[in-house]
Structure formats: structure tokens, C-alpha cells
Amino acid sequence: MAFATTLSHSPCLQLSPTSSSTSTSIHSENLSSSSSSTLQMGTRLGFSSSSSSVKNLHSRNKLVIYSKKRSGLEEAIRIKRLREVQKAIPVKKVSRLKRGKVSERLSVPEEILRPPYVGTSLLPELSRQHQFHDAEGITRMRAACELAARVLDYAGTLVKPLVTTDEIDKAVHKMIIDAGAYPSPLGYGGFPKSVCTSVNECMCHGIPDSRPLQDGDIINIDVTVYLNGYHGDTSKTFLCGNVDDETQRLVTEECLERAISFCKDGASFKKIGKRISDHAEKFGYGVVERFVGHGVGTIFHSEPIIYHCRNDRPGFMAEGQTFTIEPILTTGSIECITWPDNWTTLTADGSPAAQFEHTLLITRTGAEILTKYS
């Protein structure tokens, strides 16, 4: 379950997404190929007669332009300023997703252990505690995450046209409590359901309701369970029926996989955002800045904050640490609007969004994916 940062304080520096119509599929791209000599997507060349770095040479009918390639930091600063100007332009709010009827909150047997936040409608503050685990803690984390992955796999089998997200929530709720666990979203800051179901242009935190899924929809199902005092957190975007090719290409785990492949003891957190952004931007996808990954364990949301976009935040991974990576990609705007329920968050322009999430355990040589699903 993604944690939200304050937009005005976001440290992310990201290229604006270009048109999503590309002849190269994100799924077929050679993952090992990269070139530091190519210009970043979206770079604009500017020149003036007084500039020493850019010169105009005229010869009869020819105009030759020499341009100095900006460094990564210079380009990031330029794009940050450009984005600040663009944010001042009103975004047309177009959305076809409509709210259905939300059913009553489901009950949980008294004997099942509840997280500390249950019973209050206040949204817990992000804990500043980085979560590290001893051998027993790792065993419990593995158990919670393995259960979350199994529940998510089961939930995915229910994704069919005419099935409501409320029906998915009820099935997920039953499977979790039957396993002796608590559905972590239920009661978190007043969230009324046991799972998040985010359809089409919904970025995240969609509340299950009576709306039937339609042929061609995509849906992210975000499952977190609280088992024996530990949270396991994961999500996946599923296809419902016949989804158009452009949207299918968006529904990819490649950005998440690239980020995970870099993780290990001593690795820099900021490289996660760079890897995700570098790959997404090759195909014109936007990376949502507002929602971030987070530490997870005995506490649902804690430091470190995991930014999925370019950033200069300090910090390094350490062996025994657990956290989530959960980037949200869009084919259009990364700006968002939130419904009056204060949870359901949509892309401002109505473009589809897709998200995948894993909980990781940092080891000396890499990262163990604790929430492996099929």
C-alpha cells in the first residue's frame, strides 16, 4: 500500500512523458543495452548568437547547430523548472471511472491480532524507524509476505468482466482471516475495506465497491496482511478480458525488476528512482511522484521513503532491512485528483495507470523478494 508524500516537497526530478505511441515494445527491449551518449528523451536544443556553448554557422543554404549536452543534474534542474511552469496550467479533468456503492465494513474475529492503528480513524504518521530484523523477525516477515503473495494470486483469478471489486474484497478478506491474519488496510486511517482495488485511471487506494469490472479494464489489487505482528505488502495490475495493445504495454513489471536488481547492502536509495525513470521514459511513460515505497515490518509504513523518480535524497541500504518498491506508471499525466473519500486517487487527465509492488529483504549480495507471486 503506497504512502503519499506532499507534492510541494517532492524531491523528484523527472523528464516529462512524451507521446505513448511508440513502435518499440517495452517488453521486447534488450534489458542489457544502454548508452550514455544518447540524448535523454524530451531534451530541447536552445541557442543564441552570444552563447559560447552553442554556435550558429551559416553557409549559403545550410544552418549547422552545435549543442553542448547537459549533465544529468543540469538536465534534471531544467526539467524541474519546466514542470513547475506546467503545473500552473490547469489540467483538464477527464475521468470515466464512477464511484459505485460501498458496502458495510467486514468483521474480523476477536482472536486475530490487530495492528495498533485499528480502532482510530486518524492516519498514522510515517515512522522514522528503519526496520531491521533478526533471524526470528525474518522468518515472520517471510511468512507474512508469502501469505500476501498467495492472497494476491487468488485475487487475480477473480478478475473477470462483471465481477465487482466488492466481491474481490470479500473473497480476499475471507482468505486472510481464515489464515489467522488481519487485512492491514482495514481501518488504516479510516480505510473501509480489506484490500485496495484501483481500476483503469485510478493510480492507487481505490475503495472496493459495486462497480462491475468491464471487458478491457485493468485493475491493480494491493494486498497487505498482518500476521504474527508483521506486515507483508504487495500489489499487481491485472488485465480484465480483452485489453487494448497500448494499455497492455503499460502493464509491465520491468521498471520494478530493474530497480530490484540494483538493491543490495550498501546500495544508494536514490538509484532506485533513476533506474525506474530511465527505463520508463524510453517508452514515454510517466512515473508518479506523489506515491512512494516505504519501510515495512512490524510497522506498516516507516522510513526509508523510496522515491520512484529521480532524486538526490541521501541514504544507503543495509543488510537485514525490509522495504517496498512500488512504482506507478501512466501513459499520460502524472498529476492526480483525489475523490472526496480522501483515498481514491486518479490521473488528472484520465489516462490509465499501472502499478506493481514487492516487499524486499536486503542481503549482503542482493535483495530477496519476499512477496513472490506467480
Side-chain angles (χ1 to χ4, degrees), residues 2 15-33 41 94-97 149 152-165 168 195-206 211-223 234-261 275-288 291 308 325-334 336 345-358 369 371-374:
L15 293 175
S16 299
T18 61
S19 170
S20 59
S21 58
T22 176
S23 59
T24 305
S25 168
I26 192 168
H27 300 282
S28 62
E29 191 252 347
N30 186 342
L31 295 183
S32 63
S33 65
M41 185 176 292
V94 179
S95 173
R96 64 184 179 90
L97 189 64
L152 183 60
D153 280 336
Y154 170 62
T157 67
L158 305 177
V159 175
K160 298 173 184 177
L162 302 183
V163 173
T164 68
T165 51
I168 293 174
V195 68
C196 298
T197 52
S198 303
V199 179
N200 297 336
E201 67 268 33
C202 184
M203 290 180 172
C204 60
H205 300 162
R211 178 192 180 275
L213 292 174
Q214 301 172 15
D215 186 63
D217 282 349
I218 59 173
I219 175 174
N220 176 270
I221 301 177
D222 192 332
V223 173
T234 186
S235 85
K236 182 177 181 179
T237 298
F238 298 90
L239 307 178
C240 181
N242 301 301
V243 178
D244 66 83
D245 291 342
E246 181 182 349
T247 305
Q248 283 193 47
R249 286 191 290 270
L250 174 70
V251 181
T252 173
E253 296 183 61
E254 288 180 12
C255 287
L256 175 59
E257 290 167 350
R258 283 190 165 227
I260 292 173
S261 68
R275 288 219 164 188
I276 291 170
S277 296
D278 284 350
H279 194 57
E281 288 160 3
K282 291 178 183 178
F283 306 94
Y285 297 145
V287 181
V288 174
F291 297 99
H308 304 119
I325 303 178
E326 44 189 302
I328 304 173
L329 305 184
T330 75
T331 58
S333 174
I334 64 169
C336 61
T345 303
L346 316 178
T347 57
D349 61 358
S351 60
Q355 180 185 31
F356 291 86
E357 173 188 9
H358 275 309
I369 301 174
T371 48
K372 277 189 176 179
Y373 42 64
S374 59

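- Across every non-hydrogen atom of Thr347 and Ala353, the tightest pair is CG2-CB, 4.1 Å.
- Contact annotation: the side chain of Phe283 never approaches that of Thr252 to less than 4.5 Å [non-hydrogen atoms, C-beta and beyond].
- Phe238 approaches Val159 most closely through the heavy-atom pair CB-CG2, 4.1 Å.
- Counting only heavy atoms from C-beta outward, the side chains of Gln248 and Val251 never approach each other to under 4.5 Å.
- Residue Leu152 comes nearest to Ile221 through the heavy atom pair CD1-O, 3.2 Å, listed as atom of the first residue, atom of the second, then distance.
- Contact record, Glu357 with Thr234: O-OG1, 2.9 Å, taken as the closest heavy-atom pair.
- For the atom pair OG of Ser333 and CE of Met203, the computed distance is 6.5 Å after rounding to the nearest 0.5 Å.
- Within the 3.5 Å criterion, the main-chain N or O of Ala2 finds a donor-acceptor partner in the side chain of His205.
- A donor-acceptor distance shorter than 3.5 angstrom exists from the side chain of Thr157 to the backbone of Tyr154, with no hydrogens or angles considered.
- The shortest heavy-atom contact between Cys240 and Lys160 is SG-C, 3.5 Å.
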Can Val288 and Cys336 be said to form a side-chain contact (heavy atoms from CB on, under 4.5 Å), step by step?
CA-CA 9 Å; Val288 174; Cys336 61; over 6 Å; no

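- The side-chain heavy atoms of Leu329 and Phe356, taken from C-beta on, include no pair separated by under 4.5 Å.
- A 4.5 Å side-chain heavy-atom check between Asn220 and Cys204 finds every atom pair outside the cut-off.
- Interatomic distance, Asp349 CG to Ile334 CD1, rounded to the nearest 0.5 Å: 10.5 Å.
- Counting heavy atoms from C-beta outward, Arg275 and Ser261 have side chains that approach closer than 4.5 Å.
- With values rounded to the nearest 0.5 angstrom, Gln214 atom CD is found 7.5 Å from Asn200 atom CG.
- Taken from OG in Ser198 to CD1 in Ile219, the straight-line distance is 7.5 Å, to the nearest 0.5 Å.
- With Thr237 contributing its side chain and Gln355 its backbone, the two residues share a donor-acceptor pair below 3.5 Å.
- Taking the six-membered ring for Trp and thresholds of 30 and 60 degrees, His358 and Tyr373 have nearly parallel ring planes, at less than 30 degrees apart.
- With hydrogens and angles disregarded, a donor-acceptor distance shorter than 3.5 Å links the side chain of Lys236 to the backbone of Ser374.
- Atom CD of Glu201 sits about 10.5 Å away from atom OG1 of Thr331, to the nearest 0.5 Å.
- No donor-acceptor pair under 3.5 Å is formed between the side chain of His308 and the backbone N or O of Ile325.
- Considering only heavy atoms from C-beta on, Leu250 comes within 4.5 Å of Pro352 through its side chain.
- Taking the side-chain hydrogen bond (donor to acceptor under 3.5 Å, both in side chains) definition, one finds that Asp222 meets it with nothing, sequence neighbours left out.
- In this structure, the separation between CG on Leu213 and CD1 on Ile218 is 11.5 Å, given to the nearest 0.5 Å.
- More than 12 heavy atoms of other residues, nucleotides or ligands shown are found within 6.0 angstrom of CG on Asp244.
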